[in-house]
Amino acid sequence: MVKENNNTNELIVDALDGVGLIDYERLVKEFGIEPMSEFYPNLPEELQDYFMTRGIMFGHTDIGKVFEAIKEKKPFAIMTGIKTTGKYHVGSLSTCHEVIYFQKQGGFVYFCLADLEAFATNQIPLTKQTEIAIDNIADILALGLDPEKAYIYRQSTEPIVQRVGLLASSTVTMNKLRSTYGEKSHLGYYNSALVQVADILLPQIMGGPMPTVTPIGADQAPHSRLTREIARKPAFADYNFVDPSFTFHIMMQGIDGSDKMAKRNPMSVFTFDEPMKDIKKKINNALTGGRDTAAEQKEKGADPSNCRVYDLLSFMFEESDKALLERNRACKSGEILCGHCKKYLLENIEAYRANHLEKKENLIELAEKIVKDISKPLN
Ligand code: SF4
């Protein structure tokens, strides 16, 4: 989560512990994030993704150079990854959506299985992460990642990120690390953060200087700033790094009304592998902006801006902007009740889930091959 450093009042990232409530305006101001709302209207309509038009991808740093590369059909990279701690869940879909969007525009994806980070922060033995990684990769392939246009690797078996992470560690002070990530109990937290810096620089180390976009949640803003600072250090001058670009998306909050989707709070999140009856239970218990009684809601209307059902529709389960806007209007005017929205959302989740699981089943073998090949030094 992003929180204030008690001593300096600066915002620091606690990305390694999860996500909390975020002051987006302050993030934009303090981290030099530029509003996406001022950028995307200048893009050709076919490039205006709904994450932009709905304000989910709310900001960016230096994204212009990536779109310049798209326009001129020049090489650019997309950097992303997943911490291999468990099942791929609905809260991870935002990043994947953006990665696939940029891949479809011609970018080459570098996909990191962040197993060193999972070891450092969750103490999961590396060999135990292999099965998790296979499952995660099968999900990502089912969501549409094209493996032919991607370099998928594990941090623990990719020597470049380990080496560059180590080199990066000598270019930052402990004070800088503490002010960025907060006080940590062991060096593994800081080391894994520096390996993640190296992950973001990897496309340019392997492919030469080029625009690179890393889609991240708002909670990662301090990490993005540190990465850009390290990329400019004289020690790395030989690489001629193009400043890495970032897009920032809003973090989905817990379905149950908690401030984050967390695997350790199962009512806050769901995976597509869960039985539909469990997902139904979660959606039926979701926080909504509805009133105490149906009569009151019909009279006064409800609040979609504080409603997890509306959030889920907006993030991924309502394709039509027009239908979403209409729901927003009907909610505020009291013309619809929350039960109506939950039913509609569940129908959409059920269809999406069935389609996803069918694709995933057919991709497990490929995922196994990919992960076993890159895990060889480990297993
Ligand atoms: S009517 Fe729908 S959008 Fe409005 S608060 Fe209820 S569930 Fe949310």
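Whatever order the structure lists ligands and atoms in, that order sets their numbers, starting from 1. Computed from heavy atoms alone, side chains included, the values below leave out hydrogens, waters and symmetry copies.
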Taking only heavy atoms of Gly290 into account, list the atoms of ligand 1 that are under 4.0 Å away from them.
5 (S)

Distance filter under 4.0 Å to Cys341 heavy atoms, resulting ligand 1 atoms:
1 (S), 2 (Fe), 3 (S), 7 (S)

Assess the residue pair Glu368 and Lys372 against the criterion (salt bridge (Lys or Arg N to Asp or Glu O under 4.0 Å)); give the C-alpha distance rounded to whole Å, side-chain angles, the decisive distance to 0.1 Å, and a yes or no.
CA-CA 6 Å; Glu368 265 171 5; Lys372 292 211 165 140; 5.2 Å; no

Please examine the side chains of Glu335 and Arg329, heavy atoms only from C-beta on, and report whether any two atoms are closer than 4.5 Å.
yes

Closer than 4.0 Å to some heavy atom of Gln297 - which atoms of ligand 1 meet that?
1 (S), 6 (Fe)

Do any heavy atoms of Lys342 fall under 4.0 Å from ligand 1?
no

Check His340 against ligand 1 and report side chain, backbone, both or neither, counting heavy atoms closer than 4.0 Å.
neither

I would like to know whether His60 and Phe39 meet ring-ring contact (aromatic ring centres under 6.0 Å, His included); could you show each step before the answer?
CA-CA 9 Å; His60 69 91; Phe39 181 84; 5.2 Å; yes

Which atoms of ligand 1 sit under 4.0 Å from any heavy atom of Gly289?
5 (S)

Using only heavy-atom distances, determine whether the side chains of Thr61 and Arg225 contain a donor-acceptor pair under 3.5 Å.
no

Are Leu324 and Phe51 co-members of a hydrophobic cluster defined by side-chain heavy atoms under 4.5 Å apart?
yes

Heteroatom N/O/S of Cys307 within less than 2.8 Å of atom 8 (Fe) of ligand 1:
yes

At a threshold of 2.8 Å, where the distance has to be below it, does atom 4 (Fe) of ligand 1 have an N, O or S atom of Cys331 nearby?
yes

When you check the side-chain N and O atoms of Thr121 and Lys83, is any donor under 3.5 Å from an acceptor?
yes

Nearest protein heavy atom to atom 6 (Fe) of ligand 1, by residue and atom, and its distance?
Cys338 SG, 2.3 Å

For Glu274 and Lys282, what are the C-alpha separation, side-chain angles and deciding distance, and is it a salt bridge (Lys or Arg N to Asp or Glu O under 4.0 Å)?
CA-CA 11 Å; Glu274 286 180 46; Lys282 293 177 190 188; 2.9 Å; yes

